[in-house]
Q: 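Please find one structure pasted underneath; my questions will follow.
Order of the sequence lines fixes the chain letters, A, B, ..., with proteins taken first and strands second; residue numbering starts at 1 for each chain. Note that the structure is a prediction, hence the values are computed from the model and not measured. Note that these values count all heavy atoms, side chains included, but never hydrogens, waters or copies made by symmetry.
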Number of protein chains: 2
Amino acid sequence: MTKKVTIKDIARELNTNYSTVSRALNDSPKISDATKQSVLKQAKLMGYQPNSFAQKLKKGYSNTIGLIVPRINRVFFSNVIHGVETIAKQQGFNVIICQSNESVKDEEDNVKTLLSNNVAGIIMSISKETQNESSFQEILTNKIPFVMFDRALNNLVSNQVVNNNFKGAYEVTEHLIKQGYQKIIHFSGPLYINIYQDRLNGYKKALADYQIAFNPDFIIENTLTKDKGIAAVEELLKQKVDFDAIFASGDYSALGAILCLRQHHILVPEQVGVAGFANEPFTELLDITSVEQFSTEMGKSAASLLLEKVQRKEISDQYQNIEILPQLIIRKSTQKL
Amino acid sequence: MTKKVTIKDIARELNTNYSTVSRALNDSPKISDATKQSVLKQAKLMGYQPNSFAQKLKKGYSNTIGLIVPRINRVFFSNVIHGVETIAKQQGFNVIICQSNESVKDEEDNVKTLLSNNVAGIIMSISKETQNESSFQEILTNKIPFVMFDRALNNLVSNQVVNNNFKGAYEVTEHLIKQGYQKIIHFSGPLYINIYQDRLNGYKKALADYQIAFNPDFIIENTLTKDKGIAAVEELLKQKVDFDAIFASGDYSALGAILCLRQHHILVPEQVGVAGFANEPFTELLDITSVEQFSTEMGKSAASLLLEKVQRKEISDQYQNIEILPQLIIRKSTQKL
DNA sequence: TGTATTTGTGCAAACGTTTGTATTAAATAT
DNA sequence: ATATTTAATACAAACGTTTGCACAAATACA
């Protein structure tokens, strides 16, 4: 580990004072162009790299923001991270990424780490375990800018960037109806999670708007995995339920449904239309209708919102609530016409 | 932003010197238990958070490592990140993640950022553009521990964690042969990239070992996308090439091949067996034989290796080369028997 | 009782910057 | 020519820690 070059070294070499070097490097108007040139040249020559700790210590703030996600290696979240990174970098900020592993305890640790790293602000999506703000109370009391995305606490007023799940579900259902499907099954996720509740509501509203009676038996609540999708269709067929479409609140269960239908030689979309939700990469590959959630956009929005707050040092009680409009992606699996 | 509590504040409150407070917080043996107690109590009371910049400045090193990947939101890389994070956290290190966006220039910027953040070491996978070490020369001259993973420069001696692509390809091919396939097409990626070259070599070796003549016409070099896979099969059928299996060096092109074959009512695996490489999530969903690369393990290995170097401050010329053994995942798409 | 040792604490320098103020030299005004 | 302003640079303090050294009090040893 060779000794680091400091501004003092440069100053010594140039027979000048290190404050001059500092100002020259920061392009201060008090320094003549000639010296700026020579300092810059010498700095490059000696391979000078500013010591960011010293800078941050002196300045009292860092150009770093924190990002807490439940899991880094999930398509949705890695896209959000990508979005956050993009905006942050544009504005000269670094991002420290933490994962909570869906655990409240880890979440709390992450918050501590970020705070002692003096981040300028924090963006987070809470873990599935998180029921209240105790794990990130310190953010709130420390009063640094804070933005929640996707999953948020509904009883906590804060800056938020969330999806309009209601609308997404409404559009899927509407599309199915317009394609001529009438008996639409809905695979829902656990209804205590608000996003699934919202989607169910969107589905109901669309039915109502098109004068289709809502049938509670058509709601199948499960965990939306591929296997649950298969099992659900298997059961429907066994019970000889009369249906002509499935709107699954998650892509994996939509896939399962399709695989099972195909197994039974039931044509998709001709006999049964199937749509998912989330626009997982495989839906494109398999031509499954789904709903794009613009995860990268969500990350960008969250970062923009946070950095706006950071820049103007406004920790006001003015909270902002940004809604991302999802987009229906129509593919073969629902195109009967 | 409330004023931060410092050790001086604590010292003042306790009518003692701040050096005593510092030592007490660091559990120095020179401090009596009584004072330690009272300091700790007071620190908690006042909500003290150490200023990590001051600490890092003073200590001259940080418990942070840098990670540069081409893209954060790729399944492979996000898994690697996950692995790195896991090990780093275990050992009390933070990770700063950067993405090069497959650009040499960004790569260079990332290196600069990381170095000025005084990271203790750097893990990276080079961009597709990167042909030599110029973009990260500074790491080498600064002599901080450095580990490359997956993509590495073949003419640069360094610590590496790479996949044994040769073996992976060999096993796929061997498996196909053992299933009774004899006329095996190989979709290869660009052969100037070493991983594809390695896979091709593995394929050739397996053929040789099982006394199957190598037919150069069976090698189709493209970019391994879904569309290229479709196009390639379309062409094979048009040319009436006699083949009974396809080993694609990437999963997407394997998928394309399957979709195209299905379109032409050719049964997979009965008439044609198809295998991919990388074990992308969708291969499991669609039952496509592929090769697992243990990306999370790769991240863990890279992090362990780096941290080992970091801990013992050994920047010796002793480089380590860790090989990850890939695993053939046999699924329906190649199970003729 | 006096000296040596241990134990705990205080003092002050240092890490590498930024930045307010002082100083000098040059340029302009009187 | 001298006084005044301006421009460029130098000096020094500060950011919040860690840590070597000095010191005082308490204990041990002779």
Side-chain angles (χ1 to χ4, degrees), chain A residues 1-40 42-43 46-64 92 94 115-120 142, chain B residues 1-40 42-43 46-64 112-113 115-120 142:
Chain A
M1 202 116 31
T2 46
K3 200 73 172 40
K4 280 272 187 180
V5 179
T6 72
I7 51 172
K8 296 199 181 184
D9 298 326
I10 299 177
R12 194 179 318 112
E13 212 63 30
L14 257 41
N15 278 315
T16 179
N17 189 275
Y18 57 90
S19 66
T20 303
V21 174
S22 170
R23 279 188 247 260
L25 290 171
N26 288 310
D27 202 26
S28 155
K30 315 200 97 181
I31 300 294
S32 70
D33 284 349
T35 26
K36 278 183 193 172
Q37 293 297 326
S38 71
V39 166
L40 252 42
Q42 185 67 22
M46 301 176 72
Y48 170 74
Q49 280 287 338
N51 181 317
S52 70
F53 301 144
Q55 290 180 319
K56 289 169 184 168
L57 173 60
K58 189 71 203 52
K59 291 194 186 165
Y61 62 84
S62 78
N63 53 341
T64 303
N94 292 320
L115 289 178
S116 82
N117 272 285
N118 282 322
V119 292
N142 269 34
Chain B
M1 202 112 34
T2 45
K3 200 71 172 47
K4 281 275 188 179
V5 179
T6 73
I7 51 172
K8 296 199 181 185
D9 298 326
I10 300 178
R12 194 180 317 115
E13 212 64 29
L14 256 43
N15 278 315
T16 177
N17 188 275
Y18 58 89
S19 65
T20 302
V21 174
S22 170
R23 280 188 248 259
L25 291 171
N26 288 311
D27 201 25
S28 156
K30 315 201 98 182
I31 300 293
S32 71
D33 282 350
T35 27
K36 277 182 192 170
Q37 292 297 325
S38 72
V39 165
L40 251 44
Q42 185 68 20
M46 300 175 74
Y48 170 75
Q49 280 285 340
N51 180 318
S52 69
F53 302 144
Q55 289 182 318
K56 288 168 184 167
L57 173 60
K58 188 69 202 103
K59 291 195 184 162
Y61 63 85
S62 74
N63 54 340
T64 304
K112 283 213 172 64
T113 303
L115 289 178
S116 81
N117 272 285
N118 283 323
V119 291
N142 270 35

Q: Give one of base, sugar-phosphate or nothing for A:Lys56, where a contact means two heavy atoms less than 4.0 Å apart.
A: nothing
Q: Distance check: side-chain N/O of B:Ser32 vs OP1/OP2 of C:dT9, anything under 4.0 Å?
A: yes
Q: Only counting residues at least two apart or in another chain, list the ones meeting salt bridge (charged side-chain N to carboxylate O under 4.0 Å, His left out) with B:Asp27.
A: B:Lys36
Q: What is the separation between atom CG on A:Asn51 and atom C1' on C:dA14, rounded to the nearest whole Å?
A: 13 Å
Q: Starting at the 5' end of DNA chain C and moving along, which residue's nearest nucleotide shows up first, B:Pro29 or B:Leu57?
A: B:Pro29
Q: In chain order, what residues pass the side chain to side chain contact (heavy atoms under 4.5 Å, CB included) check against B:Tyr18, with sequence neighbours excluded?
A: B:Ile7, B:Lys8, B:Ala11
Q: For nucleotides 23-26 of chain D, tabulate all protein N/O to nucleotide N/O atom pairs closer than 3.5 Å, reporting atom names and distance.
A:
none

Q: How would you label the contact of A:Ser28 with the nucleic acid (heavy atoms, under 4.0 Å): base, sugar-phosphate, or nothing?
A: nothing
Q: Grab the CZ-C1' distance between B:Arg12 and C:dC11 for me, whole Å please.
A: 17 Å
Q: What contact category does B:Thr16 fall into here, base, sugar-phosphate, or nothing, at under 4.0 angstrom with non-hydrogen atoms?
A: sugar-phosphate
Q: For each nucleotide in nucleotides 19-24 of chain C, reading 5' to 3', give B when a protein heavy atom comes within less than 4.0 Å of its base, S when such contact involves only the sugar-phosphate, and - otherwise.
A: BBB---
Q: Could you give the angle between the helix axes at the two ends of the helix from C:dT1-D:dA30 to C:dT30-D:dA1, with five pairs per end, rounded to 10 degrees?
A: 60°
Q: With the side chain counted from C-beta on, respond yes when B:Arg12 and B:Asp9 share a heavy-atom pair under 4.5 Å apart, and no when they do not.
A: yes
Q: When you check the phosphate oxygens OP1 and OP2 of D:dG16, does a side-chain N or O of B:Gln55 lie under 4.0 Å from one of them?
A: no
Q: What heavy-atom pair brings A:Leu57 and B:Phe53 nearest, and what distance separates the two atoms?
A: N-CB, 4.0 Å
Q: Once you round to the nearest 0.5 Å, how far does CD1 of B:Ile31 lie from OG of B:Ser22?
A: 9.0 Å
Q: Got A:Leu14 and A:Ser38 here, is their nearest side-chain heavy-atom distance under 4.5 Å?
A: yes
Q: Is B:Thr6 close to B:Asn51 at the side-chain level, that is, under 4.5 Å between some pair of heavy atoms?
A: no
Q: To the nearest Å, how far apart are B:Gln49 CD and D:dC15 P?
A: 20 Å
Q: In chain order, what residues pass the salt bridge (charged side-chain N to carboxylate O under 4.0 Å, His left out) check against B:Lys59, with sequence neighbours excluded?
A: none
Q: Expressed as a whole number of angstroms, how long is the span from A:Ile7:CD1 to D:dA12:P?
A: 16 Å
Q: Classify the nucleic acid contact of B:Thr35 as base, sugar-phosphate or nothing, counting any heavy atom under 4.0 Å across all strands shown.
A: sugar-phosphate
Q: Mind calculating the distance between CG (A:Leu25) and C1' (D:dT9) to the nearest angstrom?
A: 15 Å
Q: Can you name the nearest heavy-atom pair linking B:Gln42 to B:Ile10, along with the distance?
A: CG-CG2, 3.9 Å
Q: Taking CG from A:Asn118 and C1' from D:dG16, how many angstroms apart are they, rounded to a whole number?
A: 11 Å
Q: Just how far is it from atom CG of B:Asn118 to atom CD of A:Gln49, taken to the nearest 0.5 Å?
A: 9.5 Å
Q: In whole Å, what is the span from the CD1 atom of A:Ile10 to the C1' atom of D:dT9?
A: 17 Å
Q: Judged by modelled atom types alone, do B:Ser28 and B:Asn26 share a side-chain donor-acceptor pair under 3.5 Å?
A: no
Q: For B:Lys56 and B:Asn117, which I'm curious about, is there any donor-acceptor pair between the side chains at under 3.5 Å?
A: no
Q: Tell me: CG of B:Asn117 to C1' of C:dG16, nearest whole Å?
A: 15 Å
